[in-house]
Amino acid sequence: MNFPTKSVAEWTAYAESLTWPEAMVIDGKHRAGKDEARVDLVTPRDGSVVTTVPYATEDELELAVAAARKAFDEGPWPRMAPKQRKELMLAWVALMEEHRTELATMLSVEMGKPIADAWGIELRALINSYRWYAEMADKELDEVSPVGDDDLALITREPVGVVAVVTPWNFPLTLSAWKIAPALAVGCTVVHKPADLTPLTAVRIAELALEAGIPAGVLNVLPGRGSVIGKGLGLHKAVDSLAFTGSTEVGRAYMEYAAQSNLKRVWLELGGKSPNIILPDAPDLQTAIDTAAWGIFFNTGQMCTAPSRLIVHQDVADEVIAGVLAAAKKYAPGDPFDDSTTMGPLASMSRRAEVQAHVDRALADGSTLEIGGGAIDLEGVLAGGAYYQPTVFTNVAPDSSLAQNEVFGPVLSVTTVKDEDEAIRVANNTDYGLAAGLWTANVSTVHRLARRIRAGTVWVNCYEEGDLTVPFGGFKMSGNGRDKSRHALEKYTELKTTYIKL
Ligand code: NAP
Ligand code: MG
């Protein structure tokens, strides 16, 4: 299937024709929740109210956890033959494909992602993730230990139980899929709390699960406040494991909730301030430059992995900085419903104010603003949108606020270094350790430096490349555990030893 190219007017008309979910999904049923708890869904495209969202309260939280508990304890889901779970999940994937344009448009409305990226990148990742883990359901074998002729020792994996999934809004479908898909594939049941900005695409995914025949209570979705529903899940004694993607600050709170309750397993994918090191022998300096710009402006900089600290060797600094400034002009913020838009709005007006506060602090710290640095109010129907200029600072001191704090917006910080050692020192001078980039054609330099960078992923002569077979996650305060790959299954299973005397 190819991207269904449309004009802005056609996308607008299509978006207006969509039927948005009006209720949560709990125990296989649609539940409207309390009238007084509904909140407006505002699109950052133009600031208009699109519909209202049913917000869960403590009552719905209890119902959803009880439903997931019952679906786990009484089945059938965890006791189904894995190939049966696989078939049901593949039927669900087929529905996601059928509804691809609808889901992409809802996503674009919810958080302002350009429709071409929503359809081409995020929906592809969503579908691939669910398909990959569905296929894995019947392909993980257990182990028998070599304990000698008189004994038999089995090492088996069992689903951990009820999993709470709490996710952010920047890549909401993909990041949720990276958790929900492996959890369901191994037989867990799930209560998902999506981010406040992207609640209804998550509900729509759960509606499609029901349509595919996935049993009641297996996937429950609770739009709601982090401080109520997220915290409630974190403290709930009937939740066995909690998988979170979001900020380091909230991740820390989840560890506290677990400590205060039942020591549920807590898996955190948190923030980043990823370094991107360009050395003079980069194999293709123009590709390094274009990728550095794309990396920070793609998704309007709202990427946990964004290469937000460009660390450039002094011998190529002038050329790289000039190149990045030229490339930044290609990311003029535009309408997410325009197929050619390369950068949409930020996800909300309050996010825009936060980005501005980071920029103001960088100016006060003495960093040099080279381009951008302010909000943009587009004209006409887009006037109320949360648009922001692509922004680049140079002469950023490694200890300054801009070099240390995640902006989560289209703001690049550039630091010039004199040699490899200084590059590594600056790269590792952060509490985070999610990802890094390294540009050099020398194979020895690649290995020497990649080993010294404290990050969960090091991209060499590329950035944001990936595959479901490779794990994703952070060192240090970027979190623990890994999404994607077979390693993700560790979050959703317990190992059991059964030791038998023959
Ligand atoms: P956030 O504020 O931490 O929110 C993430 C989720 O936690 C949301 O569902 C939120 O609910 C909930 N939450 C907020 N306050 C809570 C509380 N006190 N107790 C329990 N739950 C609470 O993060 P965000 O602003 O949505 O997303 C941006 C962050 O996510 C960035 O730091 C980014 O680096 C990180 N991120 C990490 C990765 C990764 O894989 N490592 C990927 C993408 C993003 P509400 O929406 O209702 O507030
Ligand atoms: Mg937040």
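Order of appearance sets the numbers: ligands from 1, and atoms from 1 within every ligand.
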Which one of [options] has a non-hydrogen atom at the shortest distance from [atom]?
atom	options	answer
atom 18 (N) of ligand 1	Phe408, Phe244, Tyr257	Tyr257
atom 41 (N) of ligand 1	Val165, Leu270, Thr305, Val228	Leu270
atom 39 (C) of ligand 1	Cys304, Ala347, Ser350	Cys304
atom 14 (C) of ligand 1	Asn170, Val166, Val250	Val250

Open item on the list: Set out, in order, the CA-CA distance, both residues' side-chain angles and the distance that settles side chain to side chain contact (heavy atoms under 4.5 Å, CB included) for Val470 and Thr457, then state yes or no.
Closed with: CA-CA 9 Å; Val470 294; Thr457 298; over 6 Å; no
Open item on the list: By the definition salt bridge (charged side-chain N to carboxylate O under 4.0 Å, His left out), identify the one residue from Lys264, Arg69, Arg265 that meets it with Asp240.
Closed with: Arg69
TODO: Could you point out which residue of Lys193, Lys34, Arg31 forms a salt bridge (charged side-chain N to carboxylate O under 4.0 Å, His left out) with Glu60?
DONE: Lys34
Task: Worked check of side chain to side chain contact (heavy atoms under 4.5 Å, CB included) between Thr287 and Asp290 - done: CA-CA 5 Å; Thr287 302; Asp290 292 342; 5.8 Å; no
Task: Value rounded to 0.5 Å, distance of CG in Asp196 from OG1 in Thr198 - done: 7.5 Å
- [ ] Using a 4.0 Å heavy-atom cut-off, say whether Glu249 meets ligand 1 through its side chain, its backbone, both or neither.
- [x] neither
- [ ] Would you kindly specify which portion of Glu269 sits under 4.0 Å from ligand 1, judged on non-hydrogen atoms: side chain, backbone, both or neither?
- [x] both
Please list, in number order, the atoms of ligand 1 under 4.0 Å from a heavy atom of [X].
X	answer
Ala195	9 (O), 46 (O)
Trp169	24 (P), 25 (O), 26 (O), 27 (O)
Lys193	9 (O), 11 (O), 45 (P), 46 (O), 47 (O)
Arg225	47 (O)
Leu175	42 (C), 43 (C)
Thr245	5 (C), 36 (N), 37 (C), 38 (C), 39 (C), 40 (O), 42 (C), 43 (C), 44 (C)
Thr167	6 (C), 8 (C), 9 (O)
Gly230	20 (C), 21 (N)

Task: Basic-acidic side-chain contact under 4.0 Å: Glu97, Arg131 - done: yes
Open item on the list: In this structure, does ligand 1 have an atom that sits under 4.0 Å from one of the heavy atoms of Gly224?
Closed with: yes
Task: Sub-4.0 Å heavy-atom contact, Tyr254 with ligand 1 - done: yes
When the ring planes of [X] and [Y] are compared, do they come out parallel, tilted or perpendicular, using 30° and 60° as the limits?
X	Y	answer
Tyr331	Phe297	tilted
Phe298	Phe171	tilted
Tyr257	Tyr254	perpendicular

- [ ] Could you tell me whether the side chain of Leu310 reaches within less than 4.5 Å of the side chain of Ile278, counting heavy atoms only?
- [x] yes
Task: Heavy-atom side-chain proximity of His192 to Lys179 below 4.5 angstrom - done: no
Open item on the list: Please evaluate residues Cys188 and Val160 with respect to the criterion side chain to side chain contact (heavy atoms under 4.5 Å, CB included), reporting the C-alpha separation (whole Å), side-chain torsions for both, the decisive distance (0.1 Å), and the verdict.
Closed with: CA-CA 6 Å; Cys188 293; Val160 66; 3.8 Å; yes
Any nitrogen or oxygen of [X], side chain or backbone, less than 3.5 Å from one on ligand 1?
X	value
Gly226	yes
Ser227	no
Ser478	no

